[in-house]
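What follows is a single structure, written as structure tokens, with notes after it.
In what follows, every heavy atom counts, from backbone to side chain, and hydrogens, waters and symmetry copies are set aside. A note on names: the letters A, B, ... follow the listed sequences, proteins ahead of strands, and every chain is numbered from 1.
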Amino acid sequence: MLDAVERIPRGRVMSYGDVAEYLGRGSPRAVGTALARYGGGVPWHRVVTSDGRPNPSDPAGAAARLRRERVPFAGERVDMGRARWDGRT
DNA sequence: AGCCTGACAGATA
DNA sequence: GTATCTGCCAGGC
């Protein structure tokens with residue numbers, strides 16, 4: 001479950017729905033819940049919403065980390081389509 | 001089992 | 001652009 005998030009390369013991000021799809025099971029909510037409960041020790045800041053907005057919990061911190069990792073930003077949002085990771089590295 | 005809540009997503013107005 | 005509705009899965013009571 002969380003390994004999917006751990007696999008997200010530097011400079012890329014994945015939406016909750018993408019993680020769920022990548023895992024092949026669950027739903028964005030399940031991913032969110034799982035991360036909220038067991039999300040310790042994983043680059044949770046690389047998980048964003050489908051809009052490209054960082055985590056509702058720590059948007060500022062996540063945005064800062066993402067910027068630091070050269071994640072393509074589009075204003076306050078992450079540039080999905082470019083930063084979105086398919087899972088093929 | 002049923003009911004409520006939550007780090008979500010997509011459609012519609 | 002925002003606001004609302006519905007579907008989804010997991011966890012707590």
Item to check | For A:T33, side-chain contact (heavy atoms from CB on, under 4.5 Å) partners two or more places apart | outcome: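 A:T33 satisfies side-chain contact (heavy atoms from CB on, under 4.5 Å) with A:R37 once adjacent residues are dropped.
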Item to check | Test side-chain contact (heavy atoms from CB on, under 4.5 Å) applied to A:A63 - qualifying residues, sequence neighbours left out | outcome: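 With sequence neighbours excluded, A:A63 shows a side-chain contact (heavy atoms from CB on, under 4.5 Å) to A:P54, A:F73, given in chain and number order.
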Item to check | salt_bridge(A:R46, A:E69) N-O dist < 4.0 Å | outcome: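 A salt bridge is present here (some side-chain N lies under 4.0 Å from a carboxylate O).
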Checklist entry - Do A:L66 and A:V48 touch side chain to side chain, with heavy atoms closer than 4.5 Å? => result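 SC-SC contact between A:L66 and A:V48 confirmed.
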Checklist entry - Quick one: are A:V13 and A:V47 in side-chain contact, heavy atoms under 4.5 Å? => result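 No. Closest side-chain heavy atoms not under 4.5 Å.
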Measure [atom1]/[X] against [atom2]/[N] and give the value in whole Å, please.
{"X": "A:Y16", "N": "B:dA9", "atom1": "OH", "atom2": "C1'", "answer": "12 Å"}
{"X": "A:E21", "N": "B:dC8", "atom1": "CD", "atom2": "C1'", "answer": "14 Å"}
{"X": "A:D51", "N": "B:dA11", "atom1": "CG", "atom2": "C1'", "answer": "13 Å"}

Next on the checklist: Each nucleotide in nucleotides 1-10 of chain C should get exactly one letter: B, S or -. Can you fill that in based on protein heavy atoms under 4.0 Å?
Outcome noted: ------BBSS
